[in-house]
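All heavy atoms count here, side chains included; hydrogens, waters and symmetry mates do not. Counting convention: from 1, in listed order, for ligands and their atoms alike. Index from 1, following the sequence.
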Amino acid sequence: MLPLPLIEKLGTLPGLDLPAFEGVHANSVAPTSIRINPLKVDGIGNLFAQSKAVPWCDTGFYLPERPFFAHDPNWHGGAYYVQEASSMALHAVWQQVVPAAREPLRVLDLCAAPGGKSTHLLSLLRADDVLVSNEVISARVNILLENITRWGHHNSMVTQNDPADFSALEGLFDLVLVDAPCSGSGLFRREPQAMQEWSPEVVLQCSRRQQRILSDIWPALKEHGWLVYTTCSFSPEENEEMLDWMCSQFACEPVKLDLPESWHIQQVEAARSGAFGYRFYPHLLQGEGFFLSIMRKKDAAGHWRPRVPAMNKMQIPVDALRNDWIADNHDLAYYRHKDTLYAMAPNALDLFRQLQPALHIRKAGVCLGEWQRNGLQPDHALAMSTLVHPSMPRLVLSREEALQYLRRETQLPASDRKGWQLASFEGLSLGWLKHLGNRINNYYPMEWRLRS
Ligand code: SAM
């Protein structure tokens with residue numbers, strides 16, 4: 001049973017069919033949906049025999065039943081992300097808001113773990129745009145790092161900072177996504193046990209925290225930049241009332257989307273400001289409860305002037321990397337910290353150097369590995385990226401062998417090639433292994449290994 005105070009509050013919203021809303025919570029299960037990674041796979045057909053398209057996202061698909069994803073090597077290789085369908089509406093926002101002809105963008109995903117919307121943004125960005133994915137809660141940063149690494153892009157960065165740490169970076173970002181921590185009522189169908197923790201007081205606490213987060217991040221948005229605000233709550237205090245609050249605090253212009261009626265996403269207007277919001281109700285569409293809105297910044301932001309420390313001359317063995325390890329079809333900049341080498345898009349390196357003194361950066365670009373006397377000891381991130389040299393040897397594994405590899409077992413098929421190789425499943429890299437003649441060393445990261 002949905003909490004009564006929530007039902008009473010929602011009863012005040014125009015046009016909500018409460019019996020249908022309560023019925024879908026009592027009598028149905030949440031659909032299973034995934035979003036494919038266009039960097040790594042050509043289409044859904046290579047992954048699942050049956051699927052149906054998510055209307056508002058070209059790369060999103062519903063599956064007829066929920067597979068055991070942990071036993072699918074394609075999931076481990078970053079071929080797709082399991083994501084609730086309503087959240088994929090970021091795709092429609094991007095297509096309507098961001099012009100095709102434009103300068104490279106700097107994008108911030110402020111509340112990013114576990115990485116659903118960050119991986120989606122990476123698929124939407126161009127190679128010369130840069131994404132900063134931030135997560136303040138330290139216990140949640142590792143899963144974000146893992147998912148971003150798996151997705152394989154080299155124009156991203158992960159930071160671990162409080163939103164207040166961004167306030168000084170005035171006018172830095174063209175687009176900021178605040179997928180706010182919220183009371184979570186939109187996910188009650190999928191996680192009914194979460195109803196026990198819900199109360200009107202929690203909603204109030206969440207809305208205060210959302211105001212704090214928005215106040216902290218607003219200065220970091222560029223003039224004419226976009227703030228995308230989303231929650232998975234049905235409560236107006238966290239949604240329409242938050243839009244009214246933003247319009248009272250910031251010089252911003254609400255952005256109206258033009259969404260097809262057949263999608264059944266409900267456009268709403270905040271009572272005082274008339275700002276537009278978009279509600280996703282599980283009784284109207286195939287997805288969970290979700291709210292999104294977009295504000296455009298009107299006032300001239302100040303300009304953050306980074307103090308970029310001089311870069312020490314770095315010995316980077318570019319020729320050796322290009323000969324043996326890295327494909328030559330990417331525009332790359334390199335960075336070295338002690339013996340560890342990184343590669344990233346040139347714009348990502350510029351931003352990394354600016355942000356280094358200001359933020360706690362946990363990842364930048366693709367870690368290539370340790371440069372040792374006998375050459376590169378490759379990092380897992382290199383295997384997950386698309387930077388690897390096309391002639392790198394691959395050990396082709398069956399599904400069962402791939403699962404053995406992911407469990408870090410070493411009884412893998414024999415190979416007549418010695419040395420570093422990629423463990424490969426259906427054309428997708430899963431990680432590194434080293435063939436030593438009489439045995440194989442499995443370099444799948446210990447902390448990622450499949451335990452079942
Ligand atoms: N965007 C993520 C995705 O699509 O996978 C989901 C984000 S979840 C709705 C909200 C995130 O905000 C959580 O990861 C949570 O740890 C983080 N968070 C919690 N308190 C916060 C705060 N005070 N400031 C910023 N983020 C916070």
Would you say ligand 1 has an N or O under 3.5 Å from any N or O of [X]?
X: Arg140; result: yes
X: Tyr81; result: no
X: Cys111; result: yes
X: Lys117; result: yes
X: Leu110; result: no

More than 12 heavy atoms of other groups within 6.0 Å of Arg451 CZ: yes
Pro114 contact mode with ligand 1 (heavy-atom cut-off under 4.0 Å):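 Looking at Pro114 and ligand 1, atoms from backbone and side chain both fall under 4.0 Å.
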Location of contacts on Arg212 toward ligand 1, heavy atoms closer than 4.0 Å: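 Neither; no heavy atom under 4.0 Å.
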Pair Tyr405 and Trp432, ring centroids less than 6.0 Å apart: no
Option set Thr230, Leu121, Val136, criterion heavy-atom distance to atom 27 (C) of ligand 1, minimum: Val136
Residue selection (non-hydrogen contact nearest atom 6 (C) of ligand 1) among Ala113, Ser87, Gly186: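 It is Ala113 that holds the nearest heavy atom.
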Within-shell test, Ala180 vs ligand 1, heavy atom, strictly < 4.0 Å: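 It does; at least one heavy atom falls under 4.0 Å.
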Arg35/Asp58 salt bridge by N-O under 4.0 Å criterion: no
